[in-house]
Number of protein chains: 4
Amino acid sequence: MASGSAAGVRVGRPRSQERRAAILAAAGDLMMEGGLKAATMEAIAARAGVGKATLYKWWPSRGAVALEGFMLRAADSWTLPEDVSAQEGLRVLAVAAVRLFTRTPAGPLMRALAADAQSDPEIAQALREQWMSPRRAVAAEVLRQGMASGELRADLDVEATLDLVFAPVYYRLLFSHEPLDESFAEACVAQVMTGVAAPGNNPAPPHAHTERNVQ
Amino acid sequence: MASGSAAGVRVGRPRSQERRAAILAAAGDLMMEGGLKAATMEAIAARAGVGKATLYKWWPSRGAVALEGFMLRAADSWTLPEDVSAQEGLRVLAVAAVRLFTRTPAGPLMRALAADAQSDPEIAQALREQWMSPRRAVAAEVLRQGMASGELRADLDVEATLDLVFAPVYYRLLFSHEPLDESFAEACVAQVMTGVAAPGNNPAPPHAHTERNVQ
Amino acid sequence: MASGSAAGVRVGRPRSQERRAAILAAAGDLMMEGGLKAATMEAIAARAGVGKATLYKWWPSRGAVALEGFMLRAADSWTLPEDVSAQEGLRVLAVAAVRLFTRTPAGPLMRALAADAQSDPEIAQALREQWMSPRRAVAAEVLRQGMASGELRADLDVEATLDLVFAPVYYRLLFSHEPLDESFAEACVAQVMTGVAAPGNNPAPPHAHTERNVQ
Amino acid sequence: MASGSAAGVRVGRPRSQERRAAILAAAGDLMMEGGLKAATMEAIAARAGVGKATLYKWWPSRGAVALEGFMLRAADSWTLPEDVSAQEGLRVLAVAAVRLFTRTPAGPLMRALAADAQSDPEIAQALREQWMSPRRAVAAEVLRQGMASGELRADLDVEATLDLVFAPVYYRLLFSHEPLDESFAEACVAQVMTGVAAPGNNPAPPHAHTERNVQ
DNA sequence: GTGTAATCGAGACGGTACGTCTCGTCTTCTG
DNA sequence: CAGAAGACGAGACGTACCGTCTCGATTACAC
């Protein structure tokens, strides 16, 4: 499942796990070394010592390779400590994402994925379903537990809050306007928390998009 | 200013503004119709009734065309009402971005731009300098005024807050995991505001990234 | 040999002889139909149902394609009857050249070749080495046998004589000032054999370029 | 006449003769320096310090420029001594052609002309009418006088003989298989005059196809 | 002289073809 | 007999010239 197929298009199981790993490593290396555009299917095949046909047998596109390479490296970034506060849970998730993107080839892989997703709906869908959805489900559960425990507002807009937590990380990853580091993720989560913290102190109605005079 | 040059690579001024407009329109149309990958330089030239050499004379790459097309359409999305609260200012900016992306070809253009920026540093830089920087400067000024007026915390992390306001919009634009609409932008700003609002009620220290068991 | 490589630039052997033939046929057809300038590499590729890269893999230029197409059609224009007089040998060679140029696509191909050779030294060299040299060697052997048998003068300038035999054919092929047909070739050979001077008064030494008043 | 229009397409008179000369010189220089393909219309215009439109106003194509440049340099290669034998007349004409091609830029110009003529019928026609015809007319007159005076056979094939005299020069100019020099031209003319058959044994019927016993 | 027109250089323009590149498929041949 | 090696059709890339066209600046001529 999590370690399963890439873009949902693969049919056969590869004969050798080593070959898979070699290919995915080659893709990651190429993206690190020569930028995204150096990682052509041809270059990946050559680097991995593999025929192009083998690549296309297992993955339908460069994005699918990137997705699987990314999933492989991201597989262990899932552990969430139990019985933790919502704030700590979100912090752990956000920091883990930053670490994944800055300390492994998953960063360039995600950039390639996001770029390809703009023109390849299959990649976009696979990315959403295989990467974003499960992560968001975990984070949503954290939010829901926080809402139940009273740590968080009961009327929280869960989806918007998920975006507030994760979006800044991807934003900096993709646009590089400011450095992406762990302290940034923590600042964002902290900032978001004080907004979603239990009421008693935020006199302004959260959503009324006609409201004025906030204070 | 807003109607200025594109990727910083152009040197001469085109003789005819109509030709420019035709090219930029063709690029926008192709991206709307056939997805990002339909907007090749060749297709743009053919659609605009223009020689390829003309394209390359004015713009060095497809991304540069997209950037200028985007800047053109985004030129009038700048007006910010005067003497307005920080929350209203941020709301206006976020909603304007959503409107730009959902009601004009600027959405596909920005998606193309973001995709190209992943493998073309020149595009990335131009995008940061020509689009993101000025917008962020305006928003930063709003934040600073809010801090001065007491509407916002005095110890605000300005850069992180800017990302919290804008990132969700780009996140949904690029990944389409949830619909991008104005109410989403307003929800995000409201959520962020209640976090950055003046103190007196937010017991959790914003930055304590070791605290546990808040509940 | 005759079916060998073209401009000396090819390295690999094509996998399919049919493809080769289709390409060469397309080139010949295009030259017949639309003149020399209709036979662009792009048109040849399209007509032959072949990618442009395939053309460039095997041949470095249009001239190389023309050369090989020409050599292919000219391959069987080599047979020379044995034990024949010098005059008859030269006549056969000259007439065979005329037939080749007037009854097959080799005529347009040679015109293309000659034209390209003016600005492409590689084509010029290949043309000399692969087409002209062997033909001239055969004709030179005919001349030498004739000199040995007493049919021809012993003090013959062999190279000049070869040019006298072949040049008129190419001259009319390339300039079309007069029709190129077999009787012309035969007239030239006969003229070369017997000379144009009135019989009886050809005592003038062949090379005395200062003599006057021969009459 | 000789200094007249180029390919018969010119209409207006240039304002300055100097400009004409500069253009023609530029064309000749470029052909000498960089081969035929270096002499593009654009390069000629740039080299001559002239706008492209000026070139196209006076000449319709590169071939027309080459033709006029060639005619200009060939204008003085026309003088034929009076009261001279046929052999000497032909010799003078052939040697003059060789000198023209080897000692002036007329050689490259003629090569360009011949190349262009293969794909441009107008150039071909202009070349025939303006260059070849008058030269051949002069040479034909020489032949006819020789026939009348008894120096030459009375049953001469005039056209074939003209080709025998001139073709070798163009043949070596265009194919460069052997050096083109004056002694070659003289050898050819001498050979044509006396024939290559050993004296005394030229009773062999010249060409046994249909005609017999020409003599 | 001074206006009026033609002509020029310069080069932008819509195109065509170039020769190269990568894609995704298909074929061959090797281990 | 699976797979590396890579040929292949397709088509976009960015460049070079083509022949046409529009510009101002520079003439040359009529007044």
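Just so it is clear: chains get the letters A, B, ... in the order the sequence lines come, proteins before strands, and each one is counted from 1.
What separates CD1 of A:Ile23 from C1' of F:dA5 is a distance of 14 Å, to the nearest Å. Computed from coordinates, the D:Glu18 CD to F:dA28 P distance equals 10 Å when rounded to whole Å. Remark: P of F:dC18 and CG of D:Asp116 are 11 Å apart, rounded to the nearest angstrom. The interatomic distance linking C:Trp59 (CH2) with E:dG19 (C1') rounds to 16 Å, in whole Å. If you measure from atom CG of C:Leu55 to atom P of E:dC18, you get 9 Å, rounded to the nearest angstrom.
We find that C:Glu42 and C:Arg62 are not joined by a salt bridge, their nearest charged nitrogen and carboxylate oxygen being 4.0 Å or further apart. Looking at A:Arg47 and A:Glu33, a side-chain N of the basic residue comes within less than 4.0 Å of a carboxylate O on the acidic one, giving a salt bridge.
One finds no side-chain N or O of A:Thr54 lying less than 4.0 angstrom from the OP1 or OP2 phosphate oxygen of F:dG3. Residue D:Lys57 places at least one side-chain N or O under 4.0 Å from the OP1 or OP2 atom of E:dC8. Residue B:Trp58 has a polar side-chain atom (N or O) positioned under 4.0 Å from OP1 or OP2 of E:dC13. For the pair C:Arg19 and F:dC8, the criterion of a side-chain N or O lying under 4.0 Å from OP1 or OP2 is met.
Contact annotation: the side chain of B:Trp58 approaches that of B:Arg19 to within less than 4.5 Å [non-hydrogen atoms, C-beta and beyond]. Contact check for C:Phe70 versus C:Val65: no side-chain heavy atoms found under the 4.5 Å cut-off. The shortest distance between side-chain heavy atoms of A:Ile23 and A:Trp59 falls below 4.5 Å.
Between atom CG of residue A:Leu30 and atom CG of residue A:Leu36 there is a gap of 11.0 Å, rounded to the nearest 0.5 Å. Separation of atoms OG (B:Ser176) and CZ (B:Arg111) is listed at 4.5 Å; rounding is to 0.5 Å. Remark: B:Asp116 CG to A:Gln118 CD distance equals 10.0 Å, nearest 0.5 Å. To the nearest 0.5 angstrom, A:Met110 atom CE is 6.0 Å from A:Trp131 atom CH2.
Listed by residue number, B:Thr40, B:Met41, B:Glu42 are the residues of residues 37-48 of chain B with a heavy-atom contact under 4.0 Å to DNA chain F. Applying a 4.0 Å cut-off to non-hydrogen atoms, none of the residues of residues 25-36 of chain D approaches DNA chain F.
Projected onto DNA chain F by closest heavy-atom contact, B:Ala53 and B:Tyr56 fall at different nucleotides, the more 5' of which corresponds to B:Tyr56.
Side chain of C:Lys52, nearest nucleotide from E:dC13, E:dG19, E:dG14: E:dG19.
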